[in-house]
Amino acid sequence: MFKTQIDADEKSSILRLCRNIEEISHKSISERGEFNIAISGGETAKKMYAELVNFDVDWKLTKIFWVDERCVGANSPDSNYGCALKLFIDPLKIPQGNVFRLRGEECPVTECERYSLLLQRLVSNADKDGTPSLDCVILGMGADSHTASIFPCNMNLLSDPKLYAVSHNPKAKFWRMTMTGRTILAAKKILLPVYGGDKKTPLKKMLSDISNAPDSTPISTVISRAKDAEILTDIDLS
Ligand code: 6PG
């Protein structure tokens with residue numbers, strides 16, 4: 001199930017995105033005393049972080065995970081963790097004990113195994129097949145219809161039984177580690193911010209694919225199968 005929220009401009013949509021995260025955190029904490037969120041990387045994420053610092057999330061009761069990470073060190077400008085650390089984790093003084101980075105400097109195979117076990121240990125909420133169910137997963141969408149680090153060339157990661165797996169796309173600068181489709185689809189809520197004119201065509205393609213060929217791309221597969229997904233955009237789809 002999914003819905004699309006179109007706002008007049010990017011800033012309004014980003015504020016809506018942050019309000020959604022705030023509301024989901026309040027609900028999760030009131031129900032279970034905890035909030036488990038996984039965040040993506042990329043330019044859209046950076047825009048979200050800059051605003052998220054102004055919203056009322058109880059970060060002391062929040063565990064922050066990553067949807068994916070590049071196989072680089074935490075100090076690399078390409079590190080998804082490094083970017084989040086600079087833009088919202090450090091500014092908000094979020095305790096490091098609540099922040100669980102994928103270690104891009106480690107062997108990706110063993111790190112995906114470590115991180116999968118960590119997620120199972122720390123996320124008590126699970127769906128019927130025992131997959132850890134995060135309260136909120138923030139995805140991005142690439143112009144090639146990838147999401148997380150699941151690309152059109154490695155769609156097998158959508159059905160991989162692991163929770164996290166190694167991803168390699170010849171067109172991407174780095175090897176990566178990514179949440180598999182199993183873990184993404186176990187999330188209670190998926191939020192997908194998509195901004196900017198260069199995303200109009202892939203966004204319209206995704207919506208068309210969902211109607212006509214839902215399993216044709218990584219993003220259309222994930223959104224069409226999500227328990228509850230919300231697409232937030234400033235793109236006029238008419
Ligand atoms: C990454 C992301 C990736 C990103 C999309 C959108 O590590 O790069 O997780 O999936 O979300 O590529 O990126 P932009 O927001 O930069 O367009």
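Whatever order the structure lists them in is the order used to number ligands and atoms, beginning at 1. Because only heavy atoms are used, hydrogens play no part in the values below, and waters and symmetry mates are left out as well, while side chains stay in. Quick caveat, the model's predicted, so the values are computed rather than measured.
- If you run side chain to side chain contact (heavy atoms under 4.5 Å, CB included) between Cys136 and each of Ile39, Thr62, Ile24, Asn36, only Ile24 comes through.
- The aromatic rings of Tyr49 and Phe88 lie parallel to each other, their planes meeting at an angle below 30°, with 60° marking the opposite boundary.
- With a 4.0 Å heavy-atom cut-off, ligand 1 is reached by no atom of Val67.
- For atom 15 (O) of ligand 1, the closest heavy atom belonging to the protein is Thr44 OG1, 2.6 Å.
- Between Ser149 and ligand 1, not a single N/O pair is under 3.5 Å apart.
- If you check the side chains of Ser12 and Asp7, you find no donor sitting under 3.5 Å from an acceptor.
- Residue His146 places a heavy atom less than 4.0 Å from ligand 1.
- Residue contact annotation: Glu69 has no non-hydrogen atom under 4.0 Å from ligand 1.
- Asp160 pairs in a side chain to side chain contact (heavy atoms under 4.5 Å, CB included) with only one of the listed residues (Asn154, Ile150, Thr183, Thr180), which is Thr180.
- Considering only non-hydrogen atoms, atom 3 (C) of ligand 1 lies nearest to Ala148 out of Ala148, Gly42, Gly140.
- Between Met48 and Ile21, some side-chain heavy-atom pair lies under the 4.5 Å cut-off.
- Close approach to Met141 involves these atoms of ligand 1, each under 4.0 Å from a residue heavy atom: 6 (C).
- The protein heavy atom nearest to atom 8 (O) of ligand 1 is Arg70 NH2, 2.8 Å.
- Tracing side-chain contacts under 4.5 Å through hydrophobic residues (I, L, V, M, F, W, Y), one never reaches Val109 starting from Val72; they form parts of separate clusters.
- At a heavy-atom cutoff of 4.0 Å, ligand 1 is contacted by no atom of Ala143, backbone or side chain.
- For atom 16 (O) of ligand 1, the nearest non-hydrogen atom of the protein is Glu43 N, 2.7 Å.
- Remark: aromatic rings of Trp66 and Tyr164 are distant, center separation not under 6.0 Å.
- Residue Lys199 has at least one heavy-atom neighbour below 4.0 Å for each of these atoms of ligand 1: 14 (P), 17 (O).
- Crowding of Asn54 atom CG: a count of heavy atoms from other residues, nucleotides or ligands under 6.0 Å exceeding 12.
- Nearest residue to atom 2 (C) of ligand 1 from Leu192, Ile150, Asp68 is Asp68 (criterion: closest heavy atom).
- Taking the side chain as every heavy atom from C-beta outward, Glu230 and Arg16 approach each other to under 4.5 Å.
- For atom 4 (C) of ligand 1, the nearest protein heavy atom (residue, atom name, distance) is Gly41 O, 3.6 Å.
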